[in-house]
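The block underneath contains the structure these notes are about, expressed in structure tokens.
Positions are given from 1, in the same order as the sequence printed here. Quick note: numbers below take in every heavy atom, side chains included, and nothing from hydrogens, waters or symmetry partners.
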Amino acid sequence: SKELNKHDPQYHDLLRSLGLLTHRRKEYDQAYVYYSMILSLKKKRRVVDEKLYVKVLLDLSQMYLDINKETKSYEYAEKAYYLCVTEYGTKHYLYAECLTSLGFIKSKSDQLKDAIKYYRFALEIYESKYRNLNGYYECLQLLAVTYSSEYMLDSSWFYYRKALRQSGW
């Protein structure tokens, strides 16, 4: 068996997996340690895949949202967003994931109209060529829920039905 080193992409993936696992177990301090190790490797210019880096920023954003720190959550999502724009442009699936994350943060902060804008922009990207990704289905659901919260029931119904079709029903 080969030994992993800090330059190995498998090591980076393992750190993220450990971060996700401890995050799901609500061990937020430990999750932060794992996520921070990846950020630190990136900062020290140890090769960390840009896509993984964006995902870790979004993971941190979600973690902070889970502990009701919306401002910190938004900061990480925004970093991921700007990195996506510069690295991949505005047609990449990771950009759509960033928009969905920003929309979710806005909806948690009761800024529903802003959330809807983010979700709709994300949907444009998903519908252009990424319909097979889980993020597309998730975005449809989040948009339906947000429209429902705004009492825009026809729009909510439309996106719920679209999500059902996407899931194969």
Side-chain angles (χ1 to χ4, degrees), residues 13 16-17 19-28 31-32 34-35 38-39 49-169:
D13 289 338
R16 178 171 183 241
S17 294
L20 289 168
L21 176 65
T22 51
H23 178 176
R24 285 187 190 116
R25 293 177 61 167
K26 299 182 184 205
E27 298 170 9
Y28 300 115
Y32 181 78
Y34 290 123
Y35 293 144
I38 296 170
L39 299 184
D49 177 68
E50 289 296 328
K51 290 177 186 168
L52 176 70
Y53 186 62
V54 169
K55 289 177 182 179
V56 169
L57 291 172
L58 292 175
D59 294 339
L60 278 161
S61 173
Q62 183 60 52
M63 185 187 80
Y64 279 110
L65 195 58
D66 290 347
I67 57 176
N68 299 316
K69 294 188 176 183
E70 284 91 0
T71 303
K72 195 77 168 161
S73 174
Y74 193 82
E75 287 173 17
Y76 279 106
E78 200 171 46
K79 276 185 192 179
Y81 170 87
Y82 286 117
L83 183 60
C84 278
V85 170
T86 58
E87 291 294 319
Y88 306 110
T90 58
K91 301 295 181 203
H92 196 272
Y93 77 93
L94 279 175
Y95 181 70
E97 287 183 20
C98 291
L99 291 170
T100 302
S101 291
L102 289 165
F104 191 62
I105 294 164
K106 291 294 185 181
S107 72
K108 286 284 198 179
S109 303
D110 288 327
Q111 297 174 36
L112 302 179
K113 288 186 183 0
D114 288 338
I116 289 169
K117 287 178 191 173
Y118 281 118
Y119 293 146
R120 291 189 56 121
F121 285 134
L123 276 182
E124 286 178 27
I125 296 163
Y126 283 123
E127 290 178 342
S128 70
K129 60 183 175 182
Y130 300 111
R131 288 176 185 252
N132 62 328
L133 297 178
N134 287 339
Y136 176 55
Y137 175 73
E138 177 187 0
C139 191
L140 287 169
Q141 284 185 299
L142 290 169
L143 186 55
V145 168
T146 306
Y147 273 128
S148 179
S149 297
E150 278 286 280
Y151 299 100
M152 299 171 80
L153 302 182
D154 289 341
S155 295
S156 178
W157 178 249
F158 174 80
Y159 286 105
Y160 273 126
R161 290 191 57 182
K162 205 168 185 177
L164 275 172
R165 281 193 304 278
Q166 178 64 24
S167 70
W169 281 85

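Between Leu94 and Glu87, the closest side-chain pair of non-hydrogen atoms is not below 4.5 Å. Under the 4.5 Å side-chain criterion, counting only non-hydrogen atoms from C-beta, Tyr28 is not in contact with Tyr64. Side chains of Glu70 and Leu65 form a contact here, defined as non-hydrogen atoms less than 4.5 Å apart. With a 4.5 Å cut-off on side-chain heavy atoms, Ile116 and Arg120 count as touching. Side-chain contact between Tyr88 and Glu50 is present, with heavy atoms from C-beta onward closer than 4.5 Å. The shortest distance between side-chain heavy atoms of Tyr53 and Leu39 falls below 4.5 Å. In this structure, the side chains of His92 and Lys51 come closer than 4.5 Å at one or more pairs of heavy atoms. Residues Lys106 and Lys117 have side chains not in contact (no heavy-atom distance under 4.5 Å, counting atoms from C-beta outward).
Side-chain atoms of Ser149 come within 3.5 Å of backbone atoms of Val145 as a donor-acceptor pair (strictly under, hydrogens ignored). Not a single donor-acceptor pair under 3.5 Å links the side chain of Ser156 to the backbone N or O of Leu153. Here the side chain of Tyr118 pairs no donor or acceptor atom with the backbone of Ile105 at under 3.5 angstrom. Of the possible donor and acceptor atoms, one in the side chain of Thr100 sits under 3.5 Å from a partner among the backbone N and O of Ala96. For the pair Ser101 (side chain) and Glu97 (backbone), a donor-acceptor distance under 3.5 Å is present. Between the side chain of Glu150 and the backbone N or O of Lys113, no donor-acceptor pair lies under 3.5 Å.
The nearest pair of heavy atoms linking Tyr130 to Ile125 is CD1-O, 3.6 Å. Residue Ala115 comes nearest to Gly103 through the heavy atom pair CB-O, 3.2 Å, listed as atom of the first residue, atom of the second, then distance. Minimum interatomic distance between Leu99 and Tyr81 (heavy atoms only, all atoms of both residues): CD2-CE1, 3.8 Å. In plain terms, the two heavy atoms of Asp59 and Arg16 that are nearest each other are OD2-NE, 2.6 Å. Counting all heavy atoms, side chain and backbone alike, Tyr119 lies closest to Cys139 at O-SG, 3.4 Å. Minimum interatomic distance between Ala77 and Leu58 (heavy atoms only, all atoms of both residues): CA-CD2, 4.3 Å.
One finds the CD atom of Glu75 at 11.5 Å from the CG atom of Leu57 (value rounded to the nearest 0.5 Å). Between the CD atom of Gln166 and the CG atom of Leu133 there is a distance of 9.5 Å, given to the nearest 0.5 Å. From Leu143, atom CG reaches atom OG of Ser148 across 11.0 Å, with rounding to the nearest 0.5 Å. The OH atom of Tyr82 sits 12.5 Å away from the SG atom of Cys84 when rounded to the nearest 0.5 Å. Rounded to the nearest 0.5 Å, atoms NZ (Lys72) and OG (Ser61) are 11.0 Å apart. Between atom CG of residue Leu20 and atom NZ of residue Lys55 there is a gap of 10.0 Å, rounded to the nearest 0.5 Å.
Within 6.0 Å of the CG atom in Asp154, the count of heavy atoms belonging to other residues, nucleotides or ligands does not exceed 12. Remark: Arg25 CZ is loosely packed, at most 12 non-hydrogen atoms of other residues, nucleotides or ligands lying under 6.0 Å away. Within a 6.0 Å sphere centred on CZ of Phe121, other residues, nucleotides and ligands contribute 12 heavy atoms or fewer. No more than 12 heavy atoms of other residues, nucleotides or ligands shown are found within 6.0 angstrom of OH on Tyr32.
Annotation: cation-pi pair Lys162/Tyr159 absent, no NZ/CZ under 6.0 Å from the ring centroid and within 45° of its normal.
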Evaluate side-chain contact (heavy atoms from CB on, under 4.5 Å) for Gln62 paired with Phe104, printing each intermediate quantity in order. CA-CA 9 Å; Gln62 183 60 52; Phe104 191 62; 4.1 Å; yes
